[in-house]
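Quick notes on the structure that follows.
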Amino acid sequence: MTYPSWSIEEATRVLSALKNVQGPVLIALQAVQERFGYVHEDAVALIAETFNVSRADVHGVLTYYHDLRTSPAPARCIQICVAEACQAVGSRELVAAVEKKLGKKIDETHTDVEIKSAYCFGNCALSPAAMVNGELVGRATVEKVTA
Amino acid sequence: MSTIIYVPNDSAAISIGADQVAALIAQEAVKRSLDIEIIRNGTRGALWLETLVEVVTPQGRIAYGPVQPEDVSSLFDADFVHGGAHRLALGLTDQIAWFAGQDRVTYKRVGLIDPLSLKDYESHGGLVGLRKAITQSGSDIVAEVTASGLRGRGGAGFPAGIKWKTVLDAPADQKYVCCNADEGDSGTFADRILIEADPFTLIEGMAIAAVAVGATQGFVYLRSEYPTAIRRLRDAISIAQSAGLLGSSVLGSKHAFNLEVRVGAGSYVCGEETAMLESLEGKRGVIRSKPPLPAIAGLFGKPTIINNVLTLASVPAVIADGAAAYAARGTGRSLGTQVFQLAGNIARGGIIETAFGITLETLVNTFGGGTLSGKPLRAIQIGGPLGAYFNSSQLGVSMDYESLAAAGGMLGHGGVVLFDDSVDLAQQAKFAMEFCALESCGKCTPCRLGSTRGAETIEKIISGVDVPANKLLLLDLCEVMTDGSLCAMGGLTPLPVKSAMNNFPEDFTGGAKK
């Protein structure tokens, strides 16, 4: 997935579509992230000003939710479910094997490829589950998630 | 006439190749000049048989599965288009024991139809409930739901009719209906499958709720981990709007109802109803103190019905067939059906809808076929990350709200996760605390700090440090979390921890084990 680089004009355009939304802060942050792949630090003040809320409020929401990120997403993102139903069929071992193969630790930030813990994709009868660049993978193996 | 072939477009089926199977079937049919029409239905819930391909024959739908992409050409060689014999042939789908043993009410259309065909929906009994509801008074609808015994399927099990009555009786210029589709529990996927396979049922259920209490705006709070469900529900809402099911006049009645999908942002605790309201208002998903109840002062301070997907999706059947038909199923105060989800280390995982009162044994062995690994079953977690771990001597428990509570557990959202004998319950207990530490909203100290201290204490037990003293300390901490937390996150995290200690004491003896 490629995203355009941050631009305050483009962000303003994105936010203008949300003028009539009740309780807009989370939706605004999600919309900015959808457009640019992450929430640039300047987006906080812009959202605060656009919707007449404090910057602290926007910052609070931005830092609360796991989905929202403040740095650009890497080209490749591997999310591995580490919750119970996937643990039951070896997700702990899968994580260790993927870490070894890619030479990267889970939940650390990298620019090329990122391995992240996830907590349930609702694919628990075909676990272990993973999501690779937005595509759900069932009966996940090292080969499938690093292909 | 072309032969109809069903290939599911459920995200779980797609995750193991359903899209490739569908594409290959289409290609192969062209190559062999066969006249077929592929309909992408939702999954029928037998995820262990995915990709489950069905062919419509004069005898009925004949199933083949699990079909891998490499099986497609041999299926054509076996003339599966006319129901030909093949090693993957399963006979008539309805006669497969796994399906025949179920009682599908909430899920009656799931997997049978094209999820976005309103025509299919109506020809399978859809909209009967809503058509009836718009001719009734709000209090009649609420009375019907109350009489059905329908309870909240999200986990709390609160009677839906009583909640609705509170909203109906609350005077306000604006009321809301919110559907909690933040299905974060590991081992649960019934909300996702219903939304992907039969979204109009949820829309109809929400419209009935809105008509009953006089709400004009609805929201579905759907988790971001379910991108396919988000797309499908949004498509279904726009079809429903064009068809006059939603909008300024629901099916030509005086009732207005608009519906919108709001997407979560990866917070588990937003499945707690007051945290969900905060998130719907665009704020941090921090829980609210109750009272006031959301039914009195909910979304934006207005009276709000909040129900789980399965609760709302059961309402059309309750209204269409009457409360008595629904309440005739089940046991004690657990009336109707429950959509169980078999998950984890299981041979035949998927959706089992039956009346309450089925035993865990029947679910796990008769339907589930035991573990996937073939190793002995050791533990079963029922009800998600906040549910209890049972051992294999407890399979006789009846699956209903009261019996599970009496056995020291809870039904939760109906997820049943199996573990074989490689599981270490001390590690599972530690994970329960770590998950709570990660997902706690931070409002209550016992949950925010207790979860971290709990994980540390279990680590000490695992490492064999002062085991008896640390076990006592852990039990004391569990008591503080149970009694001192406002919501189920901190309040129920001790449930998996204590049940693991009680039912698997041999895993909490420090370095001495294994």
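Letters A, B, ... are given to chains in the order of the sequence lines, protein chains preceding strands, and every chain is numbered from 1.
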Where on [X] is there a heavy atom nearer than 4.5 Å to chain A: the side chain, the backbone, both, or neither?
X	value
B/Pro385	both
B/Arg348	neither
B/Thr188	backbone
B/Leu47	both

Checklist entry - Parallel, tilted or perpendicular: which fits the ring planes of A/Trp6 and A/His40, with parallel below 30° and perpendicular above 60°? => result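 A/Trp6 and A/His40: parallel rings.
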Checklist entry - Between the side chains of B/Arg378 and B/Ser392, does any donor sit under 3.5 Å from an acceptor? => result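 Absent: no donor and acceptor within the cut-off.
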Next on the checklist: Under a 4.5 Å cutoff for heavy-atom pairs, which residue among A/Gln79, A/Glu135, A/Gln22, A/Met131 has the most contacts with chain B?
Outcome noted: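 Most pairs with chain B among the choices: A/Gln22.
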Item to check | Heavy-atom pair count under 4.5 Å with chain B, highest-scoring of A/Cys86, A/Ala83, A/Pro24, A/Ala28 | outcome: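 When all of A/Cys86, A/Ala83, A/Pro24, A/Ala28 are compared, A/Ala83 has the most.
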Next on the checklist: Please classify the contact of A/Ile27 with chain B as side chain, backbone, both or neither, using a heavy-atom distance under 4.5 Å.
Outcome noted: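 Just the side chain, heavy atoms under 4.5 Å.
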Item to check | Contacting region of A/Gln30 [heavy-atom separation from chain B under 4.5 Å] | outcome: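 Interface part for A/Gln30: side chain.
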Name each donor-acceptor pair under 3.5 Å that joins a side chain in residues 117-125 of chain A to protein atoms two or more places apart or in another chain, with its distance.
residue: A/Ser117; atom: OG; partner: A/Asp107; partner atom: OD1; Å: 3.4
residue: A/Ser117; atom: OG; partner: A/Asp107; partner atom: OD2; Å: 2.6
residue: A/Asn123; atom: ND2; partner: B/Ser15; partner atom: OG; Å: 2.9

Checklist entry - Can any side-chain N or O of B/Ser279 pair as donor or acceptor with the backbone N or O of B/Ala275 at less than 3.5 Å? => result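 Not a single qualifying donor-acceptor pair exists.
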Next on the checklist: I need the contact set between residues 138-147 of chain A and chain B: heavy-atom distance under 4.5 Å, sorted by residue number.
Outcome noted: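 A/Gly138, A/Arg139, listed by number.
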